[in-house]
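Below is one structure, written out as structure tokens; comments come after it.
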Amino acid sequence: MNTEDIKNLLDFRVSDVGAAKLPEPFMGLGYVISLCIKLADPIVESITDKPTHSYFHHYRTVNRALDDAAQLVGLYLQKNGYNFFPVAASQSVNVNGNPFAGVYSHKQAAVYCGLGFVGINNLFIHKDFGPRVRLVTVFTDCPITDRQAHILTKNDYTNCKNCGKCISACPANAITADGFDPKACSDYMKKEFQLIGRGSVCGICMKVCEENIKK
Ligand code: SF4
Ligand code: SF4
């Protein structure tokens, strides 16, 4: 099995697929599949100094589509005699006292699979589509891989155009050249955007990023 099989299975349900052998198994599973959907540019362009209701709806719709795609891939793997463990597209759980972490980092998985890198804005930046993407991750014991895992290094976090636009655009001062403050970001969204997306989305740093590539 390879990533072409997964792409054929999913047809147009996702924008890109990657797979890799993990450096360390997760839940006893040694391989990872990363699925990516590119967001609609006109929706992202509608974001100004705040998110929009359309963006919040799109965000949730794409997350749902990713969860459905991950489930379809999982059932396909299962039918072929393999195990699978899908990670929710958008779910924060408290890991080691970090309330903003997920069960597994989708960014880490996507970098493993060679789909892109991470920008100063802490967003995953797809090598072809830029930062306007969402991700989901499926772990499996099926040896589906076109490559070995690429270990996320500090360089992967600064591997963007380094223009500083996200730093100056962030109303929460959550992005600096030294790193990203998830609490400042979350607190600002909860306080200022409660009536748009119940305080769970913003998108300004994604909209302004110089790595935006329209395809
Ligand atoms: S999502 Fe908004 S508040 Fe959070 S880092 Fe980006 S611009 Fe700042
Ligand atoms: S806005 Fe500029 S500095 Fe920020 S992540 Fe994008 S390219 Fe990097």
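Side-chain atoms are counted along with the backbone in the values below, which use heavy atoms only and exclude waters and symmetry mates. Just so you know, ligand 1 is whichever comes first in the structure, and atom 1 is the first atom listed for that ligand.
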Exercise. Of Lys107, His106, Gln108, which is the lone residue that meets side-chain hydrogen bond (donor to acceptor under 3.5 Å, both in side chains) with Thr137?
Worked result: His106
For this session: Let me know which of Arg134, Gln91, His58 forms a side-chain hydrogen bond (donor to acceptor under 3.5 Å, both in side chains) with Asn63.
Result: Arg134
For this session: Taking both backbone and side-chain atoms into account, decide whether Cys166 has an N/O/S atom under 2.8 Å from atom 4 (Fe) of ligand 2.
Result: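 It does; at least one qualifying atom falls short of 2.8 Å.
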Starting from [atom], which protein heavy atom do you reach first, and at what distance in Å?
| atom | answer |
| --- | --- |
| atom 2 (Fe) of ligand 1 | Cys202 SG, 2.3 Å |
| atom 7 (S) of ligand 1 | Cys205 N, 3.4 Å |
| atom 6 (Fe) of ligand 2 | Cys209 SG, 2.4 Å |
| atom 4 (Fe) of ligand 1 | Cys185 SG, 2.4 Å |
| atom 5 (S) of ligand 1 | Phe180 CE1, 3.5 Å |

Exercise. Can you tell me if an N/O/S atom from Cys163 lies under 2.8 Å from atom 6 (Fe) of ligand 2?
Worked result: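 Looking at Cys163, which is the residue asked about, there is no N, O or S atom under 2.8 Å from atom 6 (Fe) of ligand 2.
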For this session: Answer with side chain, backbone, both or neither: which part of Ile175 has a heavy atom less than 4.0 angstrom from an atom of ligand 1?
Result: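 The answer is the side chain of Ile175.
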Counting each atom of ligand 2 from 1 as listed, which ones have a heavy atom of [X] under 4.0 Å away?
| X | answer |
| --- | --- |
| Ile120 | 5 (S) |
| Cys160 | 3 (S), 5 (S), 7 (S), 8 (Fe) |
| Glu210 | 1 (S), 6 (Fe), 7 (S) |

Problem set entry | Approximate separation, where rounding is to 0.5 Å, of Lys165 NZ and Glu211 CD |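 Here the rounded value is 11.0 Å.
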Seminar exercise, completed: The reported gap from CG in Asn80 to CE in Met1 (rounded to nearest 0.5 angstrom) is 4.0 Å
For this session: Report yes or no: does Asn212 contribute a side-chain atom to a donor-acceptor pair with the main-chain N or O of Lys207 at less than 3.5 Å?
Result: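 Present.
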Exercise. Hey, does Phe84 have a side-chain heavy atom less than 4.5 Å from the side chain of Val73?
Worked result: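 The answer is no, as the side chains (C-beta and beyond) never meet within the 4.5 Å cut-off.
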Exercise. Going by heavy atoms in the side chains, are Tyr188 and Asp181 under 4.5 Å from each other?
Worked result: no
Exercise. Atom 2 (Fe) of ligand 1 to Cys170: any N/O/S contact under 2.8 Å?
Worked result: no
Problem set entry | Parallel, tilted or perpendicular: ring planes of Phe56 versus Tyr59, cut at 30 and 60 degrees |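 The rings of Phe56 and Tyr59 lie parallel, inter-plane angle below 30°.
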Exercise. Is ligand 2 under 4.0 Å from a heavy atom in the side chain of Ile167, in the backbone, in both, or in neither?
Worked result: neither
For this session: Would you mind listing which atoms of ligand 1 come within a distance below 4.0 Å of any non-hydrogen atom of Ile204?
Result: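 Taking each heavy atom of Ile204 in turn, ligand 1 has 7 (S) under 4.0 Å.
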Exercise. Phe139 and Tyr104: aromatic ring centres closer than 6.0 Å?
Worked result: yes
